[in-house]
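Proteins come first, then strands; the chains are lettered A, B, ... in the order of their sequence lines, and each starts at number 1. Model, not experiment: these values are computed from the prediction.
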Amino acid sequence: MYEIVYRQEMAQGTVVLNVIKAPKIAAKAQPGQFVIVKANETGERIPLTMADTDPEAGTITIIYQVVGKSTALFKTLQVGDAYQDVLGPLGKPTHIERYAGIVICIGGGTGVAVVHPITRAFKNAGNHVVAIIGARTKDLLILEDKMLDASHELQVCTDDGSYGHHGFVTDVLQQYLNGSRPVSMVVAAGPVPMMKRVAAMTKPHSIPTMVSLNAIMIDGTGMCGGCRVSVDGTNRFTCVDGPEFDGHQVDFDGLMQRLSAYRQQEQQAMELFAHECKLRNLT
Amino acid sequence: MGDKKDRIPRQPMPEQPPEQRRRNFDEVPLGYPPEIAQREAGRCLQCKNPACVSGCPVGIDIPRFIRHIREGDFTKAIATLKEKTALPAVCGRVCPQEVQCEQRCVLAKSGEAVAIGRLERFAADIDRAHGSPLLPELPKPTGKSVGIVGSGPAGLTVAGDLILKGHAVTVYEAFHKAGGVLVYGIPEFRLPKAIVQEEVGYLEKLGVCFELNAVIGRTETVDELLARHDAVFIAVGAGLPTFLGVPGENLIGIYSANEYLTRSNLMKAYLFPQYDTPIVRGTNVVVVGAGNVAMDAARTALRLGAERVTIVYRRSRNEMPARAEEIHHAEEEGIVFELLTAPVRFLGDTAGRVNAVECIRMRLGEPDESGRRRPVPIEGSNFHIETDMVVIAVGAGANPLITSTTPGLAVNKRGYIIVDPQTGKTRKPRVWAGGDIVTGQATVILAMGAGRIAATSIHQYLTLGW
Ligand SMILES: Cc1cc2nc3c(=O)[nH]c(=O)nc-3n(C[C@H](O)[C@H](O)[C@H](O)COP(=O)(O)OP(=O)(O)OC[C@H]3O[C@@H](n4cnc5c(N)ncnc54)[C@H](O)[C@@H]3O)c2cc1C
Ligand SMILES: Cc1cc2nc3c(=O)[nH]c(=O)nc-3n(C[C@H](O)[C@H](O)[C@H](O)COP(=O)(O)OP(=O)(O)OC[C@H]3O[C@@H](n4cnc5c(N)ncnc54)[C@H](O)[C@@H]3O)c2cc1C
Ligand code: SF4
Ligand code: SF4
Ligand code: FES
């Protein structure tokens with residue numbers, strides 16, 4: 001069992017942070033890696049990036065957006081409760097090096113949680129790091145202070161203009177691409193359309209672009225092939241070959257399609273869960 | 001006397017009728033009742049030089065255990081089995097007996113081999129029905145400890161053998177449940193999970209430690225295990241899915257057999273939404289391949305509500321690698337076989353869901369390296385099979401997670417670990433390996449046999465130093 005030792009709600013309760021006791025994973029984890037989490041006996045195996053780790057305390061931090069049945073179930077877990085299974089660290093760590101030009105780290109929505117440890121690692125490696133983060137609206141923005149610490153320049157955007165730049169993260173990226181400072185590396189994590197757009201924008205400039213993919217997973221060890229995505233025309237397994245890939249080679253449309261595979265069942269599971277919760281509250 | 005015994009026919013196995021079982025996940029064969037088991041045991045000629053034993057990879061004393069059943073001494077029967085196999089309830093169910101023990105039985109020539117597997121299952125089931133088995137007396141702890149990576153039949157065998165020698169044993173398993181293919185691959189209707197659970201529980205009672213959610217190569221490396229264990233046994237199976245590499249393979253509704261069976265068996269997607277993991281329930285299902293894995297996938301799809309399940313296989317019936325019983329059961333349940341047929345591409349709708357497989361007919365040409373006649377496409381014979389779900393079950397490969405993170409392990413060109421077949425020793429000091437990660441996907445009993453060989457060698461090393 002993997003106990004929750006700290007819990008915090010963000011973005012008006014649509015995003016939840018858990019610090020979980022998992023000493024072996026905390027000792028090994030590197031930026032870019034993720035865990036697979038299962039709440040209970042009947043639960044699903046859900047991949048989540050480690051937003052932070054503390055090897056001394058033996059803890060890892062996950063930050064998840066409540067989007068369906070499993071994440072809604074996670075949200076019911078309080079400090080002192082435990083996840084039945086946590087597996088990791090999975091995936092390849094981000095390749096971090098010191099570049100001549102600036103490094104731009106882009107996070108959209110909960111993608112900010114994914115990009116945060118990567119941003120910090122690039123900064124620690126001596127790069128000049130620009131972070132661009134965005135959300136639909138001000139109340140949904142997460143980790144602004146952490147991203148401020150992890151970068152040299154922080155740009156914040158909201159789709160509705162309620163805070164920071166009015167517009168998408170890609171609008172701000174365009175300004176940097178048009179600017180005079182050479183850009184050596186772009187990293188993006190967030191909704192697939194956002195990553196697709198980022199990759200399309202950097203390609204004409206031939207700027208290396210890493211995207212962190214969120215394919216549907218089961219085992220996370222390269223055993224099932226369910227997380228396959230086409231990269232440069234060949235199938236790669238996101239859980240072991242990724243989760244980061246060269247954004248200029250990824251078939252984003254294929255990824256998006258595969259992410260919709262269980263939409264109907266997901267809806268059904270969520271409705272049933274909401275119904276059960278209602279019943280429990282009534283009694 | 002032999003003649004008289006020949007006249008008793010091989011006793012049929014009571015089974016759930018096909019029309020009933022094709023919609024439930026309960027076990028298909030129901031097991032021999034004692035009278036029938038004893039009658040079947042009476043058919044064994046008790047050969048002086050029993051050929052059957054040479055067909056069993058672990059050398060079970062077949063005539064002896066069968067004699068005990070005939071005499072009604074079921075306790076001695078199970079004791080005889082357990083001298084050589086730790087999982088008789090599993091082997092009795094899943095061994096390909098028709099190419100192993102039963103093929104060599106002298107009565108096989110008349111087409112009516114003694115039903116060795118069914119009798120083995122009978123003895124094991126009787127034993128389990130009598131409550132938890134007595135725990136053997138454990139020797140004094142030796143102070144030595146062994147780490148086992150993977151909890152399939154090979155890993156479980158080594159764990160059982162070495163704990164009984166007084167060594168401390170920890171099994172590291174990547175999944176959240178122990179058992180390997182026995183829990184995530186082979187479906188409930190063929191091998192009830194309660195049986196595997198009991199075997200694992202028995203080892204726990206003996207003192208074996210199971211560390212689940214431990215992905216060796218990631219959570220810890222083999223070298224880290226070597227720092228706290230005196231020896232390490234690697235038995236991670238052949239867990240790498242093979243795809244066909246034809247266009248359209250990433251459409252929604254196309255699964256590798258590993259994914260499909262893991263969702264259904266381990267994650268219990270067949271009980272969705274009581275269990276949270278979803279699975280596509282196809283109406284018109286196509287399964288590519290004709291091994292045990294393909295039969296399991298096809299029969300699972302049927303039980304998940306498919307109206308029509310078609311097996312597509314590029315060779316002919318004679319080459320189908322599945323156990324005879326599985327093919328027979330699949331046919332009885334109404335699975336359609338499109339033999340000498342191969343998929344060339346998958347077609348989908350605008351939402352990206354598969355809706356057809358384009359196939360081509362094959363004919364058998366000259367024999368290839370494996371000695372089997374090579375299937376050759378017949379040009380212009382292309383045709384479509386409508387489908388809404390496909391499972392690819394054309395074999396498995398070596399998962400590189402361990403081998404790529406363990407310096408000093410030698411692998412062959414297909415990525416399987418090289419060992420000395422006499423001992424199971426790898427080229428890396430203090431590391432042994434066995435099962436599918438050495439041989440490629442084989443059988444439960446061969447994995448157990450490899451485990452036994454390695455356990456003997458590990459014990460020798462721990463006590464004598466070589
Ligand atoms: C490597 C990786 C890292 C991730 N990191 C984060 C993170 O840090 N924070 C965060 O909020 N989300 C992260 N995700 C996405 C997260 O896994 C999904 O949001 C979650 O699985 C949704 O589950 P659900 O049951 O609540 O929703 P559902 O209603 O089941 O699904 C909602 C959507 O989530 C996706 N999804 C469903 N099941 C899975 C699955 N087993 N694996 C992956 N995706 C699935 C599908 O696109 C689906 O349409 C990550 C995904 C991957 C692959
Ligand atoms: C669907 C299916 C049906 C089959 N039917 C039959 C049959 O009827 N009869 C028969 O004899 N054989 C059958 N087989 C083959 C048989 O199951 C295998 O040959 C046998 O299970 C191999 O045993 P093993 O111990 O080598 O590995 P496995 O049973 O594959 O177990 C390996 C274990 O190691 C774990 N693991 C993998 N990587 C790591 C890691 N890095 N760290 C920690 N743990 C790890 C895996 O999760 C798994 O639990 C079937 C196989 C399948 C897939
Ligand atoms: S273990 Fe398998 S091969 Fe050996 S006797 Fe039993 S069924 Fe036959
Ligand atoms: S070969 Fe057949 S008849 Fe002879 S001992 Fe073995 S099972 Fe009995
Ligand atoms: S999740 Fe199964 S191979 Fe990646």
Asks: I36(A) versus chain B, heavy atoms under 4.5 Å apart: side chain, backbone, both or neither?
Replies: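 Neither part, no heavy atoms under 4.5 Å.
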
Asks: Would you mind telling me which of T277(B), L212(B), L251(B), T219(B) has the largest number of heavy-atom pairs within less than 4.5 Å of chain A?
Replies: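 Heavy-atom pairs under 4.5 Å are most numerous for T219(B).
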
Asks: Measure distances from L401(B) to the heavy atoms of chain A and classify the residue's part below 4.5 Å as side chain, backbone, both or neither.
Replies: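 Contact with chain A involves the side chain of L401(B) alone.
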
Asks: Which atoms of D253(A) come close to chain B, meaning under 4.5 Å heavy atom to heavy atom: side chain ones, backbone ones, both, or neither?
Replies: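 Neither part; nothing is under 4.5 Å.
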
Asks: Do L73(A) and D276(B) have side chains that get closer than 4.5 Å, going by heavy atoms?
Replies: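 They are in side-chain contact.
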
Asks: Between I216(A) and chain B, with a heavy-atom cut-off of 4.5 Å, which part of the residue counts as in contact: side chain, backbone, both or neither?
Replies: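 Side chain only.
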
Asks: Is chain A contacted by the side chain of T262(B), its backbone, both, or neither, given a heavy-atom distance below 4.5 Å?
Replies: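 Only the side chain of T262(B) comes within 4.5 Å of chain A.
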
Asks: Are E44(A) and R263(B) ion-paired here, with the side-chain N under 4.0 Å from a carboxylate O?
Replies: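 So E44(A) does not pair with R263(B) through a salt bridge.
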
Asks: Is there a side chain to side chain contact (heavy atoms under 4.5 Å, CB included) between T221(A) and F175(B) once you walk through the steps?
Replies: CA-CA 9 Å; T221(A) 63; F175(B) 267 130; 5.8 Å; no

Asks: Please check if the side chain of D85(A) supplies one atom and the backbone of H176(B) the other of a donor-acceptor pair under 3.5 Å.
Replies: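 A pair under 3.5 Å: no.
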
Asks: With a 4.5 Å cut-off on side-chain heavy atoms, are N213(B) and K38(A) touching?
Replies: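 When only atoms from C-beta onward are counted, N213(B) and K38(A) do not touch, as no gap falls below 4.5 Å.
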
Asks: Are K268(B) and E41(A) close enough for a salt bridge, meaning some N to O gap below 4.0 Å?
Replies: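 No salt bridge links K268(B) with E41(A).
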
Asks: Looking at K24(A) and E224(B), is there a salt bridge between them, counting it only when a charged N and a carboxylate O are closer than 4.0 Å?
Replies: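 Judged by the 4.0 Å cut-off on N to carboxylate O distance, E224(B) and K24(A) do not form a salt bridge.
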
Asks: Name the member of A39(A), A27(A), G91(A) that forms the most heavy-atom pairs with chain B at distances under 4.5 Å.
Replies: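 Heavy-atom pairs under 4.5 Å are most numerous for G91(A).
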
Asks: By a 4.5 Å heavy-atom criterion (distance strictly below it), what part of E220(B) contacts chain A: side chain, backbone, both, or neither?
Replies: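 It is both, since atoms from each part get that close.
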
Asks: Which atoms of I254(B) are under 4.5 Å from chain A, going by heavy atoms: the side chain, the backbone, both sets, or neither?
Replies: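 I254(B) touches chain A through backbone and side-chain heavy atoms alike.
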
Asks: Would you mind checking which part of F273(A) comes under 4.5 Å of any heavy atom in chain B, side chain (CB onward), backbone (N, CA, C, O), both or neither?
Replies: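 Looking at F273(A), nothing touches chain B.
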
Asks: Ignoring hydrogens and angles, tell me if any N or O in the side chain of Q265(A) forms a donor-acceptor pair with the backbone of I279(B) under 3.5 Å.
Replies: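 Checking the backbone N and O of I279(B) against the side chain of Q265(A), a donor-acceptor pair under 3.5 Å is found.
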
Asks: At under 4.5 Å between heavy atoms, what parts of residues 342-353 of chain B are in contact with chain A? List them by residue number.
Replies: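 When heavy atoms of chain A are the reference, residues 342-353 of chain B contributes T350(B), A351(B), G352(B), R353(B) within the under-4.5 Å range.
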
Asks: Once you round to the nearest 0.5 Å, how far does CZ of R258(A) lie from CD1 of I252(B)?
Replies: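 Rounded to the nearest 0.5 Å, the CZ-CD1 separation comes to 7.5 Å.
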
Asks: Check whether Q268(A) gets within reach of chain B through its side chain, its backbone, both or neither, counting any heavy atom under 4.5 Å.
Replies: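 The answer is the side chain of Q268(A).
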
Asks: If you draw a 6.0 Å radius around CZ in R228(B), do more than 12 non-hydrogen atoms from other residues or ligands fall strictly inside?
Replies: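 Atom CZ in R228(B) is crowded, with more than 12 foreign heavy atoms closer than 6.0 Å.
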
Asks: Would you give the length of the straight line joining atom CD1 of I25(A) to atom CZ of R218(B), rounded to the nearest 0.5 angstrom?
Replies: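 Rounded to the nearest 0.5 Å, the CD1-CZ separation comes to 13.0 Å.
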
Asks: Let me know if N250(B) has heavy atoms under 4.5 Å from chain A in its side chain, its backbone, both or neither.
Replies: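 Its backbone and side chain both get close to chain A.
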
Asks: As an exercise, state the distance from CD of E259(B) to CG of D219(A), rounded to the nearest 0.5 Å.
Replies: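 Nearest 0.5 Å value for the CD-CG distance: 8.5 Å.
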
Asks: Which atoms of T234(A) come close to chain B, meaning under 4.5 Å heavy atom to heavy atom: side chain ones, backbone ones, both, or neither?
Replies: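 Contact with chain B involves no heavy atom of T234(A) at all.
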
Asks: Distance from L240(B) atom CG to C224(A) atom SG, nearest 0.5 Å?
Replies: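 Separation between the atoms: 10.5 Å.
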
Asks: Do any N or O atoms from the side chain of S256(B) and from the backbone of G225(A) form a donor-acceptor pair under 3.5 angstrom?
Replies: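 Side chain of S256(B) to backbone of G225(A), a donor-acceptor pair under 3.5 Å: no, none is there.
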
Asks: Indicate yes or no: at least one non-hydrogen side-chain atom of N258(B) is less than 4.5 angstrom from one of I218(A).
Replies: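 No. Closest side-chain heavy atoms not under 4.5 Å.
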
Asks: Above 12 or not: heavy atoms from other molecules or residues under 6.0 Å from CD of E97(A)?
Replies: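 Enclosed.
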
Asks: Indicate yes or no: at least one non-hydrogen side-chain atom of V215(B) is less than 4.5 angstrom from one of L87(A).
Replies: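 Touching, per the 4.5 Å side-chain cut-off.
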
Asks: Just wondering, do P241(B) and F237(A) contact through their side chains at under 4.5 Å, heavy atoms?
Replies: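 The answer is yes; the side chains approach within 4.5 Å.
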
Asks: Any idea which of R228(A), R45(A), Q84(A) has the most non-hydrogen atom pairs under 4.5 angstrom with chain B?
Replies: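 Heavy-atom pair counts peak at R228(A).
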
Asks: Just so I understand: if I count every heavy-atom pair under 4.5 Å between each of A29(A), P89(A), G226(A) and chain B, which residue has the most?
Replies: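 Among the listed options, the one with the most contacts to chain B is P89(A).
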
Asks: What pairs with Y260(B) under ring-ring contact (aromatic ring centres under 6.0 Å, His included), at least two apart in sequence or on another chain?
Replies: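 Y260(B): ring-ring contact (aromatic ring centres under 6.0 Å, His included) contacts with Y255(B).
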
